Amino acid sequence: MKVLYVASEVVPFSQSGGLADVAGSLPKAIRDRAVSCRVVSPLYGSVPQSLRETMKFIGHIEVQLAWRRQYCGVFSCNLGGVVHYFIDNEYYFARDGLYGHFDDGERFAFFSKAVLAILPLIDYFPDIIHLNDWQTALVPLYLKAYYQGDERYRRIRTVFTIHNILYQGRYGFAILGDVFDLPDSFAEVVSYDGCINLMKGAIQCADRVTTVSPTYAQEILDPWYADGLDRYLRTCQWKLSGILNGLDTKSYDPAADPVIAHPYTAETLEGKALDKQALRQDLGLTESNEPIVALVTRLVAHKGLDLVKYIFNDMMRLGIQLVVLGSGDSAFEDFFYSMQQIYPNTVRAILGFVPEMARKIYAGADIFLMPSKTEPCGLSQMIAMRYGTIPIVRETGGLKDTVLDAGDPSGEGDGYTFKTYNAHDMLGALDRAVGAYHLPEVWQGLQKRAMTKDFSWGRSAAQYIELYKGLLEA
Ligand code: GLC
């Protein structure tokens, strides 16, 4: 079986969010199970020079997008045993930032067309093309519109994964032919609520649709979560399933993380206590017996920060120190910055994306707060658990599927959860966590269970391979 994995961002070449982590890890885990899996992504201007030097030029073709004929170079490299291809066109991809340009629709239509057009050049005709998010949503449509006459393409089956349903790729109908290069007969396929909706088109044309946790797969059938797409998803629920993401357990390993001063395992938690001390010194927080609560997140509303804002003083009254790392909406940046002025000894706001500091916080903090309004899967709660930092999460999406409340009758709990999107419910969960923190035996039990939970990619990769196999047998 041959799989081509297509994503608009892939670690370590490009990244704006969690999709890149998945695209950087899952193909390797699939390959480790003896299934061929190669990856295609755009060659952005921001790909580090050191990685460019590992690439070789395969050749170039011309890609037609309506009346345009665009240069499409193809580079490739082998990273950890996985072959990566890169679509090169400087006009589209040598720009600042991955997304947010006026012509993103055209840029990713070009990318999607190129993915199919390069197959003869790279001499790799996959059995499965695995697409991710709206940027690649046109691939199943182009396959149906332009390639059904070619046996090598007709056999290809497609899987479309939704990493976040809030980004659907909505456009006006004026550009159906002129930019998206779709024949009029496809107008109905992409049409949704009066405009072009690329994600809807992919859901209709892909053979299977997945999302990144079982709970999110249920949630997006509900209007509260799906931003309008629930109505359509309910009609094709049979092809929808949820497969939980894994974590790169090699990179995120407190016993071997080069960034943290005192490595540790579930058996040697003394190291974590030293990392906590180091973090306090680094950040100038006062010595005390209070737990450090951490937020490492993009500072945007759907991460649940309005709950934190609403209840901030009550949280601090529970006897905690708080560290925030992240950037985003200026309203949240300003808020956390001003809280640092009000609580100079116990609150630190680091406003930026500082990967090394993130790791020091995962290692040095005691409690990790992630009260998201919606969270398709979420990665940070898994990293925190791996580092023995107990998560407090709202029961949504992947958060619900990865954290089990300490009060669970099974005695297997490894974190604290709350159900409704309500600030006082979050406060209640934090109160329980702070209480348990002061009972060392209880706390260490939680830490050990969290640290040894299986978040490796193997389990997910096996489920994707089953899904692919099912499609080929069908
Ligand atoms: C998106 C989701 C996040 C998920 C990630 C990877 O960024 O918001 O919850 O973990 O994709 O699938």
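Scope of the values below: all heavy atoms of this structure, side chains included, with no hydrogens, waters or symmetry mates. One-based numbering, in listed order, for ligands and for the atoms of each. Note that this is a predicted model, so its numbers are computed, not measured.
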State the atoms of ligand 1, each with its element, that fall below the 4.0 Å cut-off from a heavy-atom position in [X].
{"X": "Val22", "result": "6 (C), 12 (O)"}
{"X": "Val212", "result": "12 (O)"}
{"X": "Gly378", "result": "3 (C), 4 (C), 9 (O), 10 (O)"}
{"X": "Asn164", "result": "8 (O)"}
{"X": "Asn245", "result": "6 (C), 10 (O), 12 (O)"}

* Asked: Out of Ser16, Pro376, Cys377, whose heavy atom is nearest to atom 8 (O) of ligand 1?
  -> Pro376
* Option whose closest heavy atom lies nearest to atom 9 (O) of ligand 1, chosen from Gln381, Glu375, Met382 -> Glu375
* Under 3.5 Å side-chain donor-acceptor pair for Thr396 and Glu219 ->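 A pair is found: one side chain offers a donor N or O, the other an acceptor, under 3.5 Å apart.
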* Side chains of Tyr171 and Glu106: donor-acceptor distance under 3.5 Å anywhere? ->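 The answer is no; no qualifying pair exists.
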* Residues Lys2, Asp127; criterion salt bridge (charged side-chain N to carboxylate O under 4.0 Å, His left out); working and verdict -> CA-CA 5 Å; Lys2 291 201 260 179; Asp127 302 290; over 6 Å; no
* Asked: Between Tyr142 and Lys113, is there a cation-pi geometry (under 6.0 Å to ring centre, at most 45° from the normal)?
  -> yes
* Sub-3.5 Å donor-acceptor pair from the side chain of Ser25 to the main-chain atoms of Val22, do we have one? -> no
* Polar contact flag for Leu379 and ligand 1 (N/O pairs, less than 3.5 Å) ->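 Between Leu379 and ligand 1, no N or O pair is found under 3.5 Å apart.
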* Note the single closest protein heavy atom to atom 12 (O) of ligand 1, along with its residue, its atom name and the distance in Å. =>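 The closest heavy atom on the protein side is His163 ND1, 2.6 Å.
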* Quick check, are the ring centers of Tyr252 and Phe455 under 6.0 angstrom apart? -> no
